[in-house]
Amino acid sequence: MDRRNFLKTTLAGSGGWLLGAAAQAAPALIVPDRLRPQATSGIQIGDVGADRVIIWARADRTARMLVEWDVSERFADPRKLRGPWATEATDFTTRIDLSGLPAGEQLFVRVGYEDAASPRALSEPLLGRFRTVSRQPRDLRFVWSGDTAGQGFGINPDWGGMRIYETMRRQQPDFFVHCGDTIYADGPMAAEMTVEEGKIWRNLVTPEVSKVAETLDEYRGRYRYNLLDDNVRRFAAEVPQIWQWDDHEVVNNWSDSKNLADDARYREKSIGVLQARATRAFMEYAPLRHYGDRESERVYRRLPQGPLLDVFVVDMRSYRDANGANLQAEGEPGGSFMGREQLQWLLEGLKSSRAVWKAVMADMPLALQVGDGKNVDGSPRWEAMANGDHGQPRGRELELAWLLREIKRQDIRNVVWFTADVHYTAAHHYHPERAAFVDFNPFWEFVSGPLNAGTFGPNALDMTFGPKVVYQKAPPAQNASPLAGMQFFGQVDIDARSRAMTVRLKDVAGQTLFSQELPPA
């Protein structure tokens with residue numbers, strides 16, 4: 001069945017779905033819609049593997065999550081599961097980790113809720129589809145980007161909402177990686193904004209997005225807001241997602257050096273308190289598989305995608321030292337970025353991978369200079385890894401130097417980096433012939449974003465690792481609105497026969513701006 005017609009066709013044939021035990025044991029009742037649970041945030045599918053997947057949804061009241069899956073879009077022989085309760089403790093969000101699924105199959109899922117107070121009152125079903133990872137080589141396609149609803153640009157009904165999600169859906173990818181800034185908790189939205197050429201951008205506005213997020217409910221409200229968009233919900237029902245996070249899930253450029261004392265928008269000045277609330281909301285709304293009690297909020301993880309690809313999601317936010325001058329020498333404190341434990345995990349994962357390609361999904365670029373104001377002494381303070389020094393690695397750059405050296409030493413091949421964050425699109429090639437630090441093999445990094453936010457850039461390069469701009473596209477004036485058409489995502493295709501990877505940088509209209517084919521080493 002054509003993917004774009006799936007939801008419409010399946011919904012038309014799903015009126016008789018009954019999952020609740022009480023509903024199956026008694027005649028069906030005609031229940032007024034106002035008494036039925038509602039699931040207006042749609043369904044999200046995440047962290048898909050060969051035999052398992054996360055299914056996420058949200059109810060509007062205390063209700064039991066009910067799930068069916070089948071190999072047929074007609075649900076001729078569905079497997080049925082009783083999921084967890086949706087309660088106010090998690091903002092009525094629920095998830096179930098479906099396991100025991102057949103590998104390499106197109107599967108269909110149906111999710112609903114059974115009212116706790118009236119067990120025969122069932123919600124309308126939420127419908128989704130996904131393909132499990134194949135254990136045999138097959139053509140693969142994924143898309144990536146970041147930065148949703150930033151700089152006050154939210155859901156504009158006049159423009160068709162967050163249109164780039166529909167553009168990505170039409171590429172029919174196997175999965176999507178959101179490289180962070182899944183919300184902009186620190187960016188209030190107004191009903192109207194005047195943008196380039198005197199045009200008016202109009203936002204759908206809710207109370208939670210009209211101010212900076214401080215309370216737990218305000219952080220949750222940012223995620224609820226994004227899921228009001230028809231494009232986002234339709235995309236999430238058909239494309240499995242892999243989420244990571246960055247800074248705007250909490251507050252811009254947060255680290256231990258962040259100080260909100262002079263920011264009148266915030267009553268809550270403690271970064272730690274804001275981080276705690278923001279992390280709770282992210283973990284409730286992200287369709288990711290929770291790591292476990294040892295580190296329940298861990299975001300970095302490895303997601304195998306078959307013989308051709310392993311995906312490594314890293315976390316450049318949670319383990320960093322305070323933003324500062326970023327010029328520490330080897331062994332001096334204060335230069336942590338990903339942290340030794342995560343770096344060792346990444347190296348061991350890359351080393352043990354038997355996949356042809358290793359995609360490292362990063363929430364920040366490696367060599368772009370991303371500033372964070374000034375230190376007390378007037379020197380530059382840095383938000384990302386690069387320090388603008390251009391010489392031998394110092395500060396956070398020492399982590400990357402160690403990793404690149406080990407990748408070379410252990411002959412790990414076909415490692416490609418993907419990221420977003422800087423709100424423009426670019427292709428960077430790194431080579432020791434152009435570098436101050438030379439003990440590494442050449443590699444590529446691709447940047448693409450934003451999804452629905454202001455467009456900026458380009459940023460200056462730090463030459464420590466010898467980057468070269470092969471392609472970039474950024475606006476002539478900073479903070480261009482989505483109306484300017486400069487919203488970007490990347491698409492990656494891996495051919496099962498040649499094993500070549502082709503990376504395309506695309507815009508909101510789906511036009512290919514740049515293409516690079518990478519043969520496997």
Side-chain angles (χ1 to χ4, degrees), residues 143-151 153 164 176-187 226 241-255 258 278 282 286 299-300 311-320 323 326 337-338 359-373 381-388 396-397 399-400 416-428 430 444-462 465 467 469 471-475 478-480 482 486-490 503 505-507:
V143 293
W144 92 93
S145 188
D147 318 306
T148 301
Q151 289 70 53
F153 298 110
I164 197 167
F176 162 67
V177 183
H178 199 308
C179 288
D181 295 339
T182 54
I183 61 168
Y184 274 71
D186 55 332
N226 289 352
Q241 300 184 69
I242 298 172
W243 278 27
Q244 59 191 151
W245 75 337
D246 192 30
D247 58 331
H248 290 286
E249 285 84 358
V250 182
V251 64
N252 183 47
N253 293 357
W254 67 270
S255 75
K258 187 72 176 181
F282 177 82
V299 173
Y300 70 87
V311 173
F312 295 86
V313 179
V314 301
D315 182 353
M316 295 172 163
R317 183 60 53 178
S318 302
Y319 310 99
R320 65 169 61 194
N323 289 354
N326 194 21
F337 194 55
M338 289 193 287
V360 181
M361 312 306 301
D363 42 296
M364 300 203 77
L366 301 178
L368 290 178
Q369 298 180 38
V370 183
D372 184 26
R381 183 167 60 239
W382 297 102
E383 157 72 351
M385 184 174 291
N387 57 25
R396 294 165 173 176
E397 294 173 335
E399 289 190 349
L400 181 59
V416 185
W417 292 73
F418 301 90
T419 188
D421 182 64
V422 288
H423 295 229
Y424 68 98
T425 191
H428 300 148
Y430 293 74
W444 284 87
E445 174 191 52
F446 297 95
V447 184
S448 218
L451 287 165
N452 196 86
T455 312
F456 294 86
N459 291 47
L461 285 172
D462 183 304
F465 300 101
V469 176
Y471 175 84
Q472 66 183 15
K473 187 170 184 178
Q478 299 302 289
N479 199 20
M486 302 189 77
Q487 307 287 290
F488 306 112
F489 69 96
V503 182
L505 304 179
K506 294 189 170 186
D507 63 15

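These numbers were taken from a predicted model, which means no experiment stands behind them.
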Considering all heavy atoms, the nearest Pro450-Ser145 contact:
C-OG, 4.1 Å
Enter the distance from Lys506:NZ to Ile164:CD1 here, rounded to the nearest 0.5 Å.
11.0 Å
Atom pair CZ (Phe465) and CG (Leu400), whose distance is rounded to the nearest 0.5 Å:
4.0 Å
Heavy-atom closest contact (Asn226 atom, Ala149 atom, distance)
OD1-CB, 3.7 Å
Answer yes or no: is there a side-chain heavy-atom contact under 4.5 Å between Asn323 and Arg396?
yes
With rounding to the nearest 0.5 Å, note down the distance linking CG in Asp363 to CD in Gln244.
5.0 Å
Heavy-atom check, side chain of Ile242 versus side chain of Met361, under 4.5 Å:
no
Rounded to the nearest 0.5 Å, what separation is found between the CG atom of Asn326 and the CH2 atom of Trp382?
8.5 Å
Is there a side-chain contact between Trp144 and Phe446, using heavy atoms and a 4.5 Å cut-off?
yes
Check whether any side-chain N or O of Gln478 sits under 3.5 Å from a backbone N or O of Thr455 as a donor-acceptor pair, and report yes or no.
no
Got a donor-acceptor contact below 3.5 angstrom from the Tyr471 side chain to the Thr425 backbone?
no
Would you mind reporting whether Val177 and Cys179 have side-chain heavy atoms less than 4.5 Å apart?
yes
Can you name the ring-ring contact (aromatic ring centres under 6.0 Å, His included) partners of Tyr300, sequence neighbours left out?
Tyr319, Trp345
Glu383: which residues meet the salt bridge (charged side-chain N to carboxylate O under 4.0 Å, His left out) condition with it, sequence neighbours left out?
Arg317, Arg320
Counting C-beta onward and ignoring hydrogens, is there a side-chain heavy-atom pair between Phe153 and Tyr184 closer than 4.5 Å?
no
Taking all non-hydrogen atoms of both residues, which atom of Tyr424 and which atom of Ala474 are closest, and how far apart?
CB-CB, 3.9 Å
To check you understand the geometry: which heavy-atom pair defines the closest contact between Pro365 and Ala420, and what is its length?
CD-O, 4.0 Å
For residues Met316 and Phe337, determine if any side-chain heavy atom of one lies less than 4.5 Å from a side-chain heavy atom of the other.
yes
Out of Val250, Ile183, Val313, Asp181, which residue meets the side chain to side chain contact (heavy atoms under 4.5 Å, CB included) rule with Trp245?
Val250
Main-chain N/O of Thr148 paired with Asn452 side-chain donor or acceptor, under 3.5 Å
no
Between the side chain of Gln151 and the main-chain N/O of Gly187, is any donor-acceptor distance below 3.5 Å?
no
Minimal non-hydrogen separation, Asp462 against Ala386, with atom names:
CB-CB, 3.6 Å
Using salt bridge (charged side-chain N to carboxylate O under 4.0 Å, His left out) as the criterion, list what pairs up with Arg381, not counting sequence neighbours.
Asp372
Interatomic distance, Gln472 atom CD to Leu461 atom CG [nearest 0.5 angstrom]:
7.5 Å
Side-chain heavy-atom pair Met364, Met385 within 4.5 angstrom cut-off
no
Counting distance only, does the side-chain N/O of Glu249 pair as donor-acceptor with the main-chain N or O of Asp246 below 3.5 Å?
yes
So how far is it from Phe176 CZ to Trp243 CH2, rounded to the nearest 0.5 Å?
9.0 Å
Would you sort out whether Lys473 and Leu505 count as a side chain to side chain contact (heavy atoms under 4.5 Å, CB included), showing the intermediate values?
CA-CA 10 Å; Lys473 187 170 184 178; Leu505 304 179; over 6 Å; no
Would you find a donor on one side and an acceptor on the other, under 3.5 Å apart, between the side chain of Lys258 and the backbone of Asn252?
yes
Close side-chain approach of His428 and Leu368, heavy atoms under 4.5 Å:
yes
Mutual orientation of the aromatic rings belonging to His423 and Phe456 [parallel < 30°, tilted 30-60°, perpendicular > 60°]
perpendicular
Would you check if the side chain of Glu445 reaches a backbone N or O of Leu366 as a donor-acceptor pair within less than 3.5 Å?
yes
